[in-house]
Amino acid sequence: MNEVQALQQRLVAERGGSPVGRYQIIDDTLDDLMTRMGLSGQERFTPELQDRMAMTLARDAGLTAWEAGRLPNDTFAHNLSRIWAGLPADASNHSYYEGVAGNRARADWTQVMTALESVRTRP
């Protein structure tokens with residue numbers, strides 16, 4: 001993790017930033033996750049650790065309430081879009097961060113709604 005943080009610092013200095021890993025986590029978010037998850041920096045940036053990080057972020061977006069049916073799909077999707085710039089914020093299909101550092105939604109709102117409904121109704 002320390003090496004990943006050092007790489008991100010270098011990329012921020014050279015390019016203004018660069019998300020890393022399978023969930024494209026930006027430097028500030030990675031720093032925050034390391035603190036919140038109690039990571040020492042000696043951990044390996046494995047797919048499993050990245051999944052744990054993504055689940056932490058999804059819980060921040062209301063995953064637990066959404067799973068319990070207390071948060072509607074559109075609200076959960078909007079919350080997720082505030083974490084992952086590649087998701088649309090709403091039916092406009094624009095990213096919550098549209099145009100910021102080249103961000104744009106890379107998925108369609110209908111696809112996101114269909115995927116969430118599919119997961120929610122899975123036995």
Side-chain angles (χ1 to χ4, degrees):
M1 290 304 306
N2 287 336
E3 291 175 16
V4 171
Q5 284 185 301
L7 170 65
Q8 278 196 312
Q9 289 171 359
R10 192 169 62 250
L11 292 172
V12 166
E14 292 172 3
R15 305 181 202 171
S18 184
V20 297
R22 69 190 329 174
Y23 299 102
Q24 294 294 282
I25 297 173
I26 61 172
D27 57 322
D28 291 341
T29 301
L30 185 64
D31 293 346
D32 178 61
L33 283 167
M34 287 185 64
T35 299
R36 290 172 48 206
M37 294 173 72
L39 303 178
S40 69
Q42 299 305 309
E43 298 82 5
R44 293 182 48 82
F45 195 53
T46 62
E48 294 78 19
L49 179 57
Q50 292 175 60
D51 288 347
R52 285 181 40 220
M53 290 177 165
M55 290 304 293
T56 298
L57 294 171
R59 283 190 292 278
D60 290 348
L63 175 64
T64 303
W66 176 76
E67 288 176 322
R70 295 189 313 269
L71 191 66
N73 290 347
D74 60 339
T75 302
F76 184 50
H78 179 79
N79 294 350
L80 290 170
S81 78
R82 296 183 69 187
I83 295 169
W84 284 289
L87 294 175
D90 54 36
S92 73
N93 287 318
H94 290 275
S95 168
Y96 184 85
Y97 301 98
E98 189 78 24
V100 177
N103 286 313
R104 65 181 177 83
R106 300 189 187 287
D108 177 87
W109 181 254
T110 303
Q111 292 172 310
V112 173
M113 291 295 98
T114 300
L116 288 176
E117 189 58 31
S118 172
V119 169
R120 178 172 269 173
T121 58
R122 192 180 323 157

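For the numbers below, each heavy atom of this structure counts, side chains included, while hydrogens, waters and symmetry mates do not.
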Full working for side-chain contact (heavy atoms from CB on, under 4.5 Å) between Leu80 and Val112: CA-CA 10 Å; Leu80 290 170; Val112 173; 5.9 Å; no
How close do [X] and [Y] get, heavy atom to heavy atom, and via which atoms?
X     : Y      : result
Ser95 : Arg104 : CB-C, 3.7 Å
Asn93 : Ala107 : OD1-O, 4.3 Å
Ala77 : Met113 : CB-CE, 3.3 Å
Gln50 : Gly21  : OE1-CA, 3.2 Å
Ala89 : Tyr96  : CB-N, 3.8 Å
Ala61 : Leu71  : O-CD2, 3.8 Å

When hydrophobic residues are tied together by side-chain contacts of less than 4.5 Å, even through go-betweens, does [X] share a cluster with [Y]?
X      : Y     : value
Phe76  : Tyr97 : no
Met1   : Ile25 : yes
Trp109 : Ile83 : yes

Roughly how far, to the nearest 0.5 Å, is the [atom2] atom of [Y] from the [atom1] atom of [X]?
X      : Y      : atom1 : atom2 : result
Leu116 : Thr121 : CG    : OG1   : 10.5 Å
Leu87  : Asn103 : CG    : CG    : 11.0 Å
Asp60  : Leu33  : CG    : CG    : 7.5 Å
Met55  : Met37  : CE    : CE    : 11.0 Å
Ser118 : Gln111 : OG    : CD    : 13.0 Å
Arg44  : Glu3   : CZ    : CD    : 8.5 Å

Flag side-chain contact, heavy atom, 4.5 Å: Trp66 against Asn79: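 Trp66 vs Asn79: side chains apart.
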Residue pair Thr75 / His78, side-chain heavy-atom distance below 4.5 Å: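 Side chain of Thr75 against side chain of His78, heavy atoms only: no contact under 4.5 Å found.
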Sidechain-backbone polar pair: Glu43 side chain, Gly41 backbone, donor-acceptor under 3.5 Å: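 The answer is yes, because a donor-acceptor pair under 3.5 Å joins these two groups.
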Partner set under ring-ring contact (aromatic ring centres under 6.0 Å, His included) for Phe45, not counting sequence neighbours: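 Listed in chain order: nothing, the list is empty.
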Pair Gln9-Val12, side-chain contact (heavy atoms from CB on, under 4.5 Å): steps then yes or no: CA-CA 5 Å; Gln9 289 171 359; Val12 166; 5.7 Å; no
Polar side chain donor-acceptor pair, Gln5 to Asp31, under 3.5 angstrom: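 Checked: Gln5/Asp31 side chains pair up, N/O donor to acceptor below 3.5 Å.
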Residue of the set Asp32, Ile26, Asp27 for which side chain to side chain contact (heavy atoms under 4.5 Å, CB included) holds with Thr29: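 The residue from Asp32, Ile26, Asp27 that satisfies side chain to side chain contact (heavy atoms under 4.5 Å, CB included) with Thr29 turns out to be Ile26.
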Intermediate values then yes/no, side-chain contact (heavy atoms from CB on, under 4.5 Å), Met53 and Leu30: CA-CA 8 Å; Met53 290 177 165; Leu30 185 64; 3.6 Å; yes
Stepwise side chain to side chain donor-acceptor pair (under 3.5 Å) test for Asp51 and Tyr23: CA-CA 8 Å; Asp51 288 347; Tyr23 299 102; 2.6 Å; yes
Residues Val119, Arg122; criterion side-chain contact (heavy atoms from CB on, under 4.5 Å); working and verdict: CA-CA 5 Å; Val119 169; Arg122 192 180 323 157; 3.3 Å; yes
